[in-house]
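I have placed the structure first, in the form of structure tokens, so that the comments after it can refer back to it.
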Amino acid sequence: MRNRTNHLPDLAYLMPGRAGNIYFQLTPAELVEEALKRKEGVLADTGALAIDTGEFTGRSPKDRFIVEDDVTKNTVWWGNVNIKFDSDRFDSLYKKVTAYLANRDIFVRDSCACANEKFHIDIRVITENAFQNLFVHHLFLRPDVIDADSRPEWTVIAAPGFKADPKVDGTRQHNFSIINFTKKIILIGGTAYTGEIKKGIFSVLNFILPLERNVLSMHCSANTGAKGDTAIFFGLSGTGKTTLSADPERGLIGDDEHGWSDYTIFNFEGGCYAKCVNLTAEKEPQIFNAIRFGALLENVNFIKGGRTVNFSNIDKTENTRVAYPLYNIENAVMPSIGASPKNIFFLTADAFGILPPIAKLTPQQAMYYFISGYTAKVAGTETGITEPKATFSACFGEAFLPLNPVTYANLLGKKLKTHQVNVWLINTGWSGGAYGTGKRIKLQYTRAMISAALNGELCNVPYIEHPVFNLHMPVTCPNVPDQMLDPRNTWANTELYAEKAHELAIAFNKNFEQYAHLSDPELIEGGPNMALSV
């Protein structure tokens, strides 16, 4: 039994009858050593540990449950996102998982979440595999002092080798991730995908911070300028959130999960869990250079005959990942805290070519587009998709929201008004037509627009209003052609543009119907105006 403290934690309160070895608070080097010894993975030529997560190479949203009890019954947004789980069945499954682990070696790590100590929660994570514990070291915050005798507030138990019996245990299939807010336990089984651990804690914070602490929890990246001005970037996969927030001239607060308190933005995490597909040193130098000894590569493929990663090979999955601590990024802000934001960017890759490349939003529009969480999938991204498809994910992270999205949007609206924040809608998708006809907006133009917004260069320029979406579009922007700022000017057929703009507006309104009964009239008015024509 190995540890980095004077003694091992007593886990009897969690796992009675423990008989196997406990590996407590191992260093990354020790965890890599254990992983290699147990044949959990191999070293890439960069020194990073490369592992395969097996059957599951991504989260399984339909197998994520929340225990229904007095704490959650009338607060959780029940439905397809948050699926009810019986309290007694949780207790039974918990006993089975802990019995499964009783005679096995386990890896235990005490960590915490939330860089702002006023809001942080202590977490004990128990994993079956060494590489899972390495992931926990990277993604959660690392306390300077560890007390093995403490009993952290939250516990995560991850046992990928344990498979549930759906008929007996009440799960959908053999894998599961279950959150119990009363007992403050997250139970994960049947899957080795490490993202389930990370997103389990994110879901917890999305529940307790807005309800109990008046903190807006956000699925976003954040950075800060030399003058202390904070910027936040929201966006679904493929919209450029990581790319655009990774600015060598600005400090990185974090790349994925943050809280907004009365006066600060703070990172929930202590590291990054970045996608690796088509990664290059030129496109993503910060991520590429962070892949070194101790980093954890998931489900990647090597160039034949060696240990060099082929980042363009997605034979196992398109969702190849790398996990590393935030200190692997040269310009990371430590501790990961910034002032309340001056600018917020909603990123969307509009594959229909309808939305302008940049627009300034009113507070009502910001709340509407925040709830909508729009982007578009293009042909080839998923099986069966042969043309652009509108995709909506509430608050740019619907899968992790225990509360109704309107709750988060209302909290956002209050903070926008209090802090007088500029909110921008940025289309990183297509212009001049839909995917297949138009062209992808150049990254250099998007960067120029974001820089202009951050530098205040769009404060005093004229704006025009989009007649369908009511968006305020600047007529000029430094280093960007004026013609492309109004998307109608880039289409050869303006009548076709009008037709497609109305179709997209209808999709927005149809999606919003599920939230309308909980929304104030002025929030609804932030959406597109279907009564007008282009």
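What you see below is based on every heavy atom in this structure, not just the backbone, and it leaves out hydrogens, waters and symmetry mates. Here the structure is a predicted model, which is why all the values come from computation and not from measurement.
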### Message
For R488, is there an ion pair with D486 - N to carboxylate O distance below 4.0 angstrom?
### Response
yes
### Message
Taking side chain to side chain donor-acceptor pair (under 3.5 Å) as the cut-off, I'd like each qualifying pair that reaches into residues 270-290, sequence neighbours left out, listed once.
### Response
Y193-Y273, T194-Y273, S237-K275, T243-E284, Y273-E298, Q286-N331
Report, one line per pair, each donor and acceptor closer than 3.5 Å where one atom sits in a side chain of residues 445-457; sequence neighbours left out.
| residue | atom | partner | partner atom | Å |
| --- | --- | --- | --- | --- |
| S451 | OG | R447 | O | 3.0 |
| N455 | ND2 | S451 | O | 3.0 |

### Message
Please enumerate all residues that pass side chain to side chain contact (heavy atoms under 4.5 Å, CB included) together with T224, with sequence neighbours excluded.
### Response
T230, I253, V333
#### Entry: E68 side chain to V76 backbone, donor-acceptor under 3.5 Å
no
### Query
Only one of I426, T391, L355, L236 clears side chain to side chain contact (heavy atoms under 4.5 Å, CB included) with T348; which?
L355
### Task
Determine which pairs satisfy side chain to side chain donor-acceptor pair (under 3.5 Å) with at least one residue from residues 206-216, sequence neighbours left out, and list them in order.
N206-S217
### Message
The criterion is side chain to side chain contact (heavy atoms under 4.5 Å, CB included); which residues satisfy it with A48, sequence neighbours excluded?
### Response
T46, I291, A295, L297
### Task
Report the C-alpha distance between D262 and K415 in whole Å, list the side-chain angles of each, state the deciding distance to 0.1 Å, and finish with yes or no for side-chain contact (heavy atoms from CB on, under 4.5 Å).
CA-CA 8 Å; D262 289 340; K415 291 184 179 296; 4.2 Å; yes
### Task
Just jot down the side-chain hydrogen bond (donor to acceptor under 3.5 Å, both in side chains) partners of N404, sequence neighbours excluded, or say none.
none
### Task
Just jot down the ring pair (Phe, Tyr, Trp, His ring centres under 6.0 Å) partners of F469, sequence neighbours excluded, or say none.
H466, F508
### Query
Looking at residues at least two apart in the chain, or sitting in another chain, which of them share a side chain to side chain contact (heavy atoms under 4.5 Å, CB included) with A349?
T239, T375, T428, R440
### Task
Mind checking the CG-CG spacing from L411 to L216? Nearest 0.5 Å is all I need.
5.0 Å
#### Entry: W491 side-chain N/O to G353 backbone N/O, donor-acceptor pair under 3.5 Å
yes
### Query
Could you go step by step and tell me if F233 and C220 meet the side-chain contact (heavy atoms from CB on, under 4.5 Å) rule?
CA-CA 5 Å; F233 298 79; C220 67; 5.8 Å; no
### Message
Could you check whether F370 and F234 have their ring centres less than 6.0 Å apart?
### Response
yes
### Shortest non-hydrogen contact from P356 toward N427
O-CB, 3.1 Å
### Task
Rounded to the nearest 0.5 Å, what's the gap from CG on L401 to OG1 on T407? Could you check?
9.5 Å
### Task
May I ask you to decide whether D256 forms a salt bridge with K241, counting only side-chain N to carboxylate O separations under 4.0 Å?
yes
#### Entry: Counterpart residues, side chain to side chain contact (heavy atoms under 4.5 Å, CB included), relative to E117 (two or more places apart)
H120
### Query
Which pairs, with at least one residue in residues 206-225 and sequence neighbours excluded, count as a ring pair (Phe, Tyr, Trp, His ring centres under 6.0 Å)?
F181-F207, F202-H219, H219-F400
### Query
Can you list the residues that meet the ring pair (Phe, Tyr, Trp, His ring centres under 6.0 Å) rule with F311, with sequence neighbours excluded?
none
### Query
Are any side-chain N or O atoms of Y497 and backbone N or O atoms of I354, one a donor and one an acceptor, separated by less than 3.5 Å?
yes
### Task
Count the heavy atoms of every other residue, nucleotide or ligand shown that sit under 6.0 Å from NZ of K439, and state whether that count exceeds 12.
no
### Query
Closest heavy-atom contact between L458 and Y463?
O-OH, 2.7 Å
### Message
The criterion is ring pair (Phe, Tyr, Trp, His ring centres under 6.0 Å); which residues satisfy it with F140, sequence neighbours excluded?
### Response
none
